[in-house]
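Every chain is numbered from 1 and lettered A, B, ... according to where its sequence line falls, protein lines coming before strand lines.
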Protein chains: 2
Amino acid sequence: MSDENYQSLDEETLFLVSQTFKALADPTRIRILHLLFNQEMSVSNIAQQLDLNQSNVSHQLRFLKNLRLVKYRRDGKTIYYSQDDEHVMKILQQSIDHATHH
Amino acid sequence: MSDENYQSLDEETLFLVSQTFKALADPTRIRILHLLFNQEMSVSNIAQQLDLNQSNVSHQLRFLKNLRLVKYRRDGKTIYYSQDDEHVMKILQQSIDHATHH
DNA sequence: ATAATACGTGAACACATATTCATATTATAA
DNA sequence: TTATAATATGAATATGTGTTCACGTATTAT
């Protein structure tokens with residue numbers, strides 16, 4: 001591609017991409033998503049596994065849910081969260097592998 | 001993988017991964033990296049193309065350089081920056097494509 | 001040496017964000 | 001209805017971050 005027909009990024013794309021990476025830029029959210037890689041899990045179970053308080057986990061899950069990176073289902077009083085974006089989860093897995101083998 | 005032998009992330013990996021995504025979590029840095037996708041470019045040229053002041057671009061480039069996402073070469077008074085991490089640039093490109101076709 | 005050009009750096013500021021605390025909501029059980 | 005359990009939410013706070021300003025450093029030209 002030459003300099004003349006360089007395609008700059010539109011605002012909407014820029015915002016969406018940066019928001020998605022922002023979700024992956026925090027250690028707590030990475031740990032949560034990593035837990036959900038091949039299983040669904042309740043809020044309290046996530047909190048227990050990662051030694052975080054419940055409120056913190058709820059806040060982070062809301063963040064991820066707003067970006068449609070996770071989804072949930074209710075069963076009685078318990079709410080189970082699971083992944084909802086294969087592309088992002090694949091990128092996360094790749095990056096963890098890449099960082100580990102270094 | 002069962003619950004029992006779930007492999008949790010070590011601190012070092014967690015930090016490295018989150019730092020890398022943090023680099024991609026800011027619109028300005030995304031625009032800079034996008035500019036450098038298939039060409040090297042001087043600091044002032046980047047600033048001009050993206051309508052940013054030179055100091056801002058320098059700060060962001062230092063951030064990216066510390067993470068070894070970009071490298072530079074000097075030619076007289078001018079310093080040319082270019083990409084230095086194929087894996088990250090590939091992830092960025094994929095994510096831009098994914099966001100664009102949506 | 002002096003001036004001019006390109007880039008880097010530290011401080012300061014405004015703003016965003018992660019976490020905690022207290023409390024509200026929702027659903028089950030007694 | 002009352003109590004208990006699971007989760008969500010809003011406020012508060014501490015810390016992090018992006019940008020700008022003023023100035024410093026490095027290189028070239030005169």
Under 4.0 angstrom, heavy atoms only, what part of the nucleic acid is [X] near: base, sugar-phosphate, or nothing?
| X | value |
| --- | --- |
| A:Ser55 | base |
| A:Ser44 | sugar-phosphate |
| B:Tyr81 | sugar-phosphate |

pair B:Gln83-B:Glu40: side-chain heavy atoms closer than 4.5 Å: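 Heavy-atom side-chain distance check fails, nothing below 4.5 Å.
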Heavy-atom donor-acceptor pair, B:Gln54 side-chain to C:dG8 base, under 3.5 Å: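 Result: at least one qualifying N/O pair found.
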Distance-only donor-acceptor test (3.5 Å): side chain B:His59, base D:dT20: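 Yes, the side chain and the base share a sub-3.5 Å donor-acceptor pair.
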Exercise: do B:Thr13 and B:Asp10 side chains pair donor with acceptor under 3.5 Å: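 Distance-only check passes for B:Thr13 and B:Asp10.
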Proximity to the side chain of [X] - top-ranked nucleotide from [options]:
| X | options | result |
| --- | --- | --- |
| B:Lys77 | D:dA8, C:dT19, C:dA6 | C:dA6 |
| B:Asn56 | C:dT19, D:dT19, C:dC7 | D:dT19 |
| B:Val43 | C:dG8, D:dT20, D:dT9 | C:dG8 |

5' priority, DNA chain C, between A:Arg74 and A:Arg29 [closest heavy atom]: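 Counting from the 5' end, the first nearest nucleotide belongs to A:Arg29.
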A:Phe63 six-ring face occupied by A:Arg29 cation (under 6.0 Å, within 45°):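 Cation-pi check for A:Arg29 and A:Phe63: passes.
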